[in-house]
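The block underneath contains the structure these notes are about, expressed in structure tokens.
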Amino acid sequence: MTDIHDNPLDDPNADPFQVAALAAADIARLSGVEKHDIALTLGSGWGKAADLLGETIATIPATEVTGFSKPALEGHVGTLRSIRTPGGTHVLVIGARTHYYEDHGVRRVVHSVRTAAAAGAKIMVLTNGAGGIRETWKPGQPVLISDHINLTADSPLEGANFVDLTDLYSARLRDIARTVDPSLDEGVYTQFRGPHYETPAEVQMAKIIGGNIVGMSTALEAIAAREAGMEVLGFSLITNLAAGIQKTPLSHTEVIEAGREAEPVISALLARVVEAL
Ligand code: 8IG
């Protein structure tokens, strides 16, 4: 299960929901927590939120959970954590995201979301680091995701499964987030395949078709979450303005740095929002 070359999801005959059920059973066994209420995927810049949520019941290496992959990237911690909030809510914190650009297929990309659903979670909180198209946004600023445009030309859904995506990013949950921080702005997340950043022309295209945020995750995950019946809340940390919006070239190092600087503030915000859900 642990090796990239030995993942049950790579068997085209495997049922991804059955693999997710096995993963949820692994989490229950390794954490001693039968059911989680909320799941939280921590993208770059959001990692410290886990420490602020409550008591860590268990920290599980992703490699010990069926179907999970080793983290491909520094800044992605590769663990699942079971946390109990002061209010008694069990939160499954996913620090092991598989990106679409890793080319392991969309089943692997959404496995953590399906596992969260199988573990009992009714709310999926998805966070990421992303580029901002709105000139008024500043690096280090968190924004709510109000909707998305999926430019991957792919879907986690298999077969004729016509899932409704109206209100995918729950207006109810966004309202709750704004009770915690009324200054939170929101925007439309546009998922590109990556791993290259966009050209300035692609950013202009995204802007013209209604996008405000550019990123490489989250949209496919949100679709899978909705398919699984979960309510979705999405946050982007704007780590950089998108190519051509900012005049200087984009650098991964700067992106990581912006995330690191913003981390304490946005992590505290996220912990307070999760507590309010
Ligand atoms: I952090 O500018 C981060 N992730 N597609 N574009 C895309 N993804 C990103 C960006 C960006 N910044």
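First listed ligand is number 1; within each ligand, the first listed atom is number 1. Since the model is a prediction, treat every value here as computed from it, not as a measurement. Computed from heavy atoms alone, side chains included, the values below leave out hydrogens, waters and symmetry copies.
For ligand 1, the atoms lying closer than 4.0 Å to a non-hydrogen atom of V255 are 1 (I). Of all atoms in ligand 1, listed by their number and element, those nearer than 4.0 Å to a heavy atom of M216 are 5 (N), 7 (C), 8 (N). Annotation for ligand 1: atoms under 4.0 Å from non-hydrogen atoms of L250 are 2 (O). Close contacts between ligand 1 and E198 involve ligand atoms 2 (O), 5 (N), 6 (N), 7 (C), 11 (C) [criterion: under 4.0 Å to a heavy atom].
Counting heavy atoms from C-beta on, the side chains of L9 and P16 come closer than 4.5 Å.
Scanning all protein heavy atoms for the shortest distance to atom 11 (C) of ligand 1 gives Y197 CD2, 3.5 Å. For atom 2 (O) of ligand 1, the closest non-hydrogen atom on the protein side is N240 ND2, 3.0 Å. Of the protein's non-hydrogen atoms, G129 O, 3.6 Å is the one closest to atom 4 (N) of ligand 1.
Closest to atom 8 (N) of ligand 1 by heavy atom, among G215, A258, S44, is G215.
For R107 and D11, the salt-bridge test fails: no basic side-chain N is under 4.0 Å from an acidic carboxylate O. Using a 4.0 Å cut-off between a side-chain N of Lys or Arg and a carboxylate O of Asp or Glu, R226 and D164 do not qualify as a salt bridge.
Here the straight-line distance linking atom CZ of R134 with atom CD1 of I245 works out to 11.5 Å at 0.5 Å rounding.
Proximity of a side-chain donor or acceptor of D175 to a complementary backbone N or O of T179 within less than 3.5 Å is not detected. Side chain of T127 to main chain of T41: a donor-acceptor pair is present (N/O by atom type, distance under 3.5 Å, no hydrogens or angles).
At least one heavy atom of A130 sits less than 4.0 Å from an atom of ligand 1.
In this structure, H36 and H90 have perpendicular ring planes: the angle between them is above 60°, well past the 30° mark.
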